[in-house]
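The next block holds one structure in the form of structure tokens; read it before the comments.
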Amino acid sequence: VVFAGRCAYLLSADVLAGRSEIRRTSIIEAVDALPEGVLYIDRSGRVVYANDTMRSCLACMGMPSIISDASGLWQRICEHRAPDEAAVRESGSSVLVRLSDSETRLFVIEETYLRFVRCDLIVAYDVTEEDRVNRAILRMSRLCEESAVELEESLRNVAVLAEAEAFARMRSRVHDVIGQRLSILHRRLEDGAVSDSDVEAMRPVLDSIMDDLRNCDDAPYDLPALV
């Protein structure tokens with residue numbers, strides 16, 4: 001559709017320029033002026049027509065710019081497929097080729113008829129800007145994936161550190177609580193407080209150790225009063 005529209009536009013401009021009739025050569029001149037490469041190949045592999053843009057594209061891929069036998073030409077074009085084309089564009093009857101750092105072409109092949117003869121039409125569309133944008137998006141996508149992996153690893157490290165910190169706090173709490181109870185018992189024993197009433201007074205200290213380990217700030221008795 002785009003190809004036909006360009007031809008129609010150039011032919012219309014030709015008429016408006018003052019030519020009273022469109023000659024056969026006008027169509028060829030219009031196609032030659034297209035920025036897209038155009039190549040017609042008949043069923044025998046003979047090149048029926050190729051414009052200057054297509055010849056330039058072939059030359060950039062190291063192929064002869066003037067060819068008579070185009071058998072296997074599409075396969076040779078496909079050999080120059082961009083290595084990351086699968087990530088950039090789904091390819092079927094098309095292939096993305098980077099002719100240079102500043103030019104990218106999308107080669108499309110389809111069947112058509114030229115003068116009632118079935119031919120293969122190969123068109124090389126200039127998609128340089130689109131390719132640049134797609135590659136930038138692809139790079140950003142890969143950076144996001146890498147960042148996500150790094151973030152996941154960081155979160156795992158945070159979880160390990162948090163677990164280690166929680167274990168250290170619990171160990172310190174056990175040490176403080178049990179050490180405090182043992183200190184109280186030791187002092188009472190040194191003071192000779194071994195009567196039944198003294199033992200009963202010390203029972204809450206021994207019975208509530210697990211509760212104090214869960215919440216040291218919510219002890220059910222006043223430790224300083226027992227010391």
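Any value given below was found using the heavy atoms of this structure, including those in side chains, with hydrogens, waters and symmetry copies removed.
Electrostatic pairing of R156 and E153 counts as a salt bridge here, judged by a charged N lying under 4.0 Å from a carboxylate O. A salt bridge between E145 and R142 is absent, with no side-chain N of the basic residue lying under 4.0 Å from a carboxylate O of the acidic one.
Between E110 and V123, every side-chain heavy-atom pair lies at or beyond the 4.5 Å cut-off. The shortest side-chain heavy-atom distance between V127 and L96 falls under the 4.5 Å cut-off. Q75 is not listed as a side-chain neighbour of C78, based on a closest heavy-atom distance of 4.5 Å or more. Side-chain contact check for L73 versus L58: some heavy-atom pair is nearer than 4.5 Å.
In this structure, M61 is a member of the same hydrophobic cluster as I122, with clusters built from ILVMFWY side-chain heavy atoms closer than 4.5 Å. Put simply, V133 and L106 are part of two different groups of oily side chains (I, L, V, M, F, W, Y) that touch within less than 4.5 Å, one to the next.
What you find for L39 and A50 is that their closest heavy atoms are CD1-CB, 3.4 Å. Nearest heavy atom pair, residue A70 against residue I41, reads CB-CD1, 3.6 Å. Between T128 and E103, the shortest heavy-atom distance links the atoms OG1-CA, 3.4 Å.
Counting non-hydrogen atoms of neighbouring residues, nucleotides and ligands closer than 6.0 angstrom, the CG atom of L161 exceeds 12 such neighbours. Around atom CG of N157, more than 12 heavy atoms belonging to other residues, nucleotides or ligands sit under 6.0 Å away.
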Point to revise | salt bridge (charged side-chain N to carboxylate O under 4.0 Å, His left out) between R76 and E79, intermediate numbers included | key: CA-CA 5 Å; R76 293 200 297 274; E79 292 175 0; over 6 Å; no

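In this structure, S94 contributes its side chain and F107 its backbone to no donor-acceptor pair below 3.5 Å. No donor-acceptor distance shorter than 3.5 angstrom exists from the side chain of S56 to the backbone of D52, with no hydrogens or angles considered. With D42 contributing its side chain and L114 its backbone, the two residues share no donor-acceptor pair below 3.5 Å. In this structure, the side chain of R105 does not engage the main chain of L99 through any donor-acceptor pair within 3.5 Å.
One distance of note links SG of C119 with CD of E111; it measures 10.0 Å at 0.5 Å rounding. Rounded to the nearest 0.5 Å, atoms CZ (R46) and CD1 (I67) are 12.5 Å apart. The structure places CD of E146 at 10.0 Å from OG of S141, a figure rounded to the nearest 0.5 Å. The structure places CG of L121 at 13.5 Å from OH of Y113, a figure rounded to the nearest 0.5 Å. Between the CG atom in D126 and the OG1 atom in T104 there is a gap of 8.0 Å [rounded to 0.5 Å]. For the atom pair M54 CE and L34 CG, the distance stands at 11.0 Å (nearest 0.5 Å).
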